[in-house]
Trainee: 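Dropping the structure in here first, questions after.
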Amino acid sequence: MKVRYSCPGCQTSNLVEPSTEEWRCGCGHVKHWIATDSSDKPIKNCVACGCSQLYRQKNFPQWLGLSLLAIACSAFFILQVMYQPQLAWIILLGSAAVDLVFYLIVGDVIVCYRCHARHYGLPKQKSYDPFELPVAEKYRQERIRRELAGKS
């Protein structure tokens with residue numbers, strides 16, 4: 001298993017294999033990992049912060065997916081205005097087919113709500129729930145309260 005983790009000291013994103021008990025960032029920050037068994041069972045807690053609330057998402061950049069969708073919709077609209085409906089529908093349906101292929105090929109990644117650590121290389125299992133906005137909002141508000149308390 002590998003974890004993409006943002007260092008709290010310098011905010012740099014690092015892809016780390018938490019096989020050792022501690023990891024040292026280039027800025028000098030030391031991270032102690034939470035121990036997990038390396039079996040085929042799903043993880044119960046985040047190895048970076050220990051949070052028990054994790055969610056599953058596709059390991060694909062959302063900005064790229066939305067950009068492809070925006071380009072396809074724009075091309076559809078422009079071609080419809082230019083009285084090319086067949087080509088417009090070909091582009092729109094073609095982009096949907098490409099999206100389906102990406103969805104089937106790209107694997108899942110497990111993400112922590114609290115620290116946003118991304119856990120790669122876990123066995124394919126559907127035991128994790130998808131993203132839930134109320135849970136994410138709870139941790140966002142918690143993060144804001146900690147930041148405001150630190151400034152006081």
Side-chain angles (χ1 to χ4, degrees), residues 1-19 23 25-27 29 31 33-147:
M1 170 179 49
K2 293 186 179 183
V3 177
R4 180 160 303 279
Y5 172 74
S6 293
C7 173
C10 61
Q11 298 302 318
T12 54
S13 181
N14 300 290
L15 186 62
V16 181
E17 192 165 341
S19 57
W23 168 79
C25 181
C27 70
H29 180 80
K31 173 68 183 156
W33 300 110
I34 297 187
T36 61
D37 58 344
S38 59
S39 64
D40 289 342
K41 297 177 187 173
I43 60 172
K44 301 266 190 255
N45 298 324
C46 173
V47 297
C49 70
C51 179
S52 63
Q53 291 189 302
L54 306 167
Y55 65 93
R56 171 180 37 93
Q57 76 176 36
K58 285 293 182 184
N59 189 16
F60 188 76
Q62 290 179 347
W63 66 268
L64 182 57
L66 288 174
S67 298
L68 293 173
L69 177 66
I71 290 169
C73 289
S74 299
F76 177 81
F77 176 74
I78 291 168
L79 289 169
Q80 283 287 8
V81 169
M82 295 172 57
Y83 299 105
Q84 298 289 327
Q86 293 86 6
L87 186 57
W89 280 105
I90 288 171
I91 288 176
L92 191 64
L93 294 175
S95 69
V98 168
D99 185 49
L100 177 64
V101 168
F102 280 143
Y103 182 80
L104 295 174
I105 291 175
V106 174
D108 290 341
V109 64
I110 306 304
V111 184
C112 175
Y113 278 106
R114 180 181 294 148
C115 69
H116 302 287
R118 300 170 63 90
H119 302 78
Y120 300 93
L122 293 170
K124 288 191 176 227
Q125 295 181 1
K126 302 290 183 188
S127 60
Y128 301 100
D129 293 329
F131 180 79
E132 294 180 17
L133 188 59
V135 178
E137 184 63 20
K138 177 181 87 168
Y139 284 104
R140 188 183 76 84
Q141 292 292 329
E142 176 185 295
R143 193 169 27 258
I144 290 171
R145 280 194 295 276
R146 271 197 318 256
E147 289 172 2

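Throughout, residue positions are numbered sequentially from 1 according to the sequence presented.
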Trainee: Not counting sequence neighbours, which residues clear side chain to side chain contact (heavy atoms under 4.5 Å, CB included) with Gln86? List them please.
Mentor: none
Trainee: Kindly write out the residues that satisfy salt bridge (Lys or Arg N to Asp or Glu O under 4.0 Å) with Lys58, not counting sequence neighbours, or none if the list is empty.
Mentor: Asp108
Trainee: Taking side chain to side chain contact (heavy atoms under 4.5 Å, CB included) as the test, write out the residues that go with Ile91, two or more places apart.
Mentor: Ala75, Leu79, Leu87
Trainee: Report the residues that fulfil salt bridge (Lys or Arg N to Asp or Glu O under 4.0 Å) with Arg146, sequence neighbours left out, ordered by chain and then residue number.
Mentor: Glu142
Trainee: Val3 and Ala117: which non-hydrogen atoms are nearest, and at how many Å?
Mentor: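 Minimum heavy-atom separation between Val3 and Ala117: CG1-CB, 3.9 Å.
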Trainee: About how many Å separate NE2 of His116 and CZ of Arg4, when rounded to the nearest 0.5 Å?
Mentor: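 Result: 15.0 Å between the selected atoms.
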Trainee: Check ring-ring contact (aromatic ring centres under 6.0 Å, His included) between Phe60 and all other residues, then give those that pass, not counting sequence neighbours.
Mentor: Phe102
Trainee: Taking side chain to side chain donor-acceptor pair (under 3.5 Å) as the definition, give me every residue that meets it alongside Lys138, ordered by chain and number, with sequence neighbours left out.
Mentor: Gln53
Trainee: If you take all heavy atoms of Leu54 and Cys112, which pair is closest and at what distance?
Mentor: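 Scanning both residues, the minimum pair turns out to be CD2-CA, 3.7 Å.
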Trainee: Surrounding CD of Gln141 (heavy atoms of other residues, nucleotides or ligands, distance under 6.0 Å), is the total greater than 12?
Mentor: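 Enclosed.
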Trainee: For Gln57, what residues pass the side chain to side chain donor-acceptor pair (under 3.5 Å) criterion, not counting sequence neighbours?
Mentor: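 Checked Gln57 against side chain to side chain donor-acceptor pair (under 3.5 Å); zero matches.
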Trainee: Just to verify, what does Tyr120 make a side chain to side chain donor-acceptor pair (under 3.5 Å) with, not counting sequence neighbours?
Mentor: Arg118
Trainee: With Tyr55, which residues qualify under ring-ring contact (aromatic ring centres under 6.0 Å, His included), at least two apart?
Mentor: Tyr113, Phe131
Trainee: To the nearest 0.5 Å, what is the distance between OG (Ser52) and CD1 (Ile43)?
Mentor: 11.0 Å
Trainee: Rounded to the nearest 0.5 Å, how far apart are CD1 of Ile90 and CZ of Phe76?
Mentor: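 The CZ atom of Phe76 is 12.0 Å from CD1 of Ile90, to the nearest 0.5 Å.
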Trainee: Once you round to the nearest 0.5 Å, how far does OG of Ser74 lie from CG of Leu69?
Mentor: 9.0 Å
Trainee: Of all the heavy-atom pairs spanning Arg114 and Cys51, show the shortest one and how long it is.
Mentor: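 Looking at all heavy atoms of both residues, the shortest contact is NH1-CB, 3.9 Å.
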Trainee: Taking only residues two or more places apart in sequence, or in another chain, which ones meet Ile144 in a side chain to side chain contact (heavy atoms under 4.5 Å, CB included)?
Mentor: Arg140, Leu148
Trainee: Once side chain to side chain contact (heavy atoms under 4.5 Å, CB included) is applied, do any residues pair with Lys44, and if so which ones, sequence neighbours excluded?
Mentor: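 Per chain and number, Lys44 pairs via side chain to side chain contact (heavy atoms under 4.5 Å, CB included) with no residue.
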Trainee: With rounding to the nearest 0.5 angstrom, report the CG to CD1 distance, Leu66 to Ile71.
Mentor: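 Nearest 0.5 Å value for the CG-CD1 distance: 11.0 Å.
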Trainee: Please round to the nearest 0.5 Å and tell me the distance separating atom CG of Asp99 and atom CG of Leu104.
Mentor: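 The CG atom of Leu104 is 9.5 Å from CG of Asp99, to the nearest 0.5 Å.
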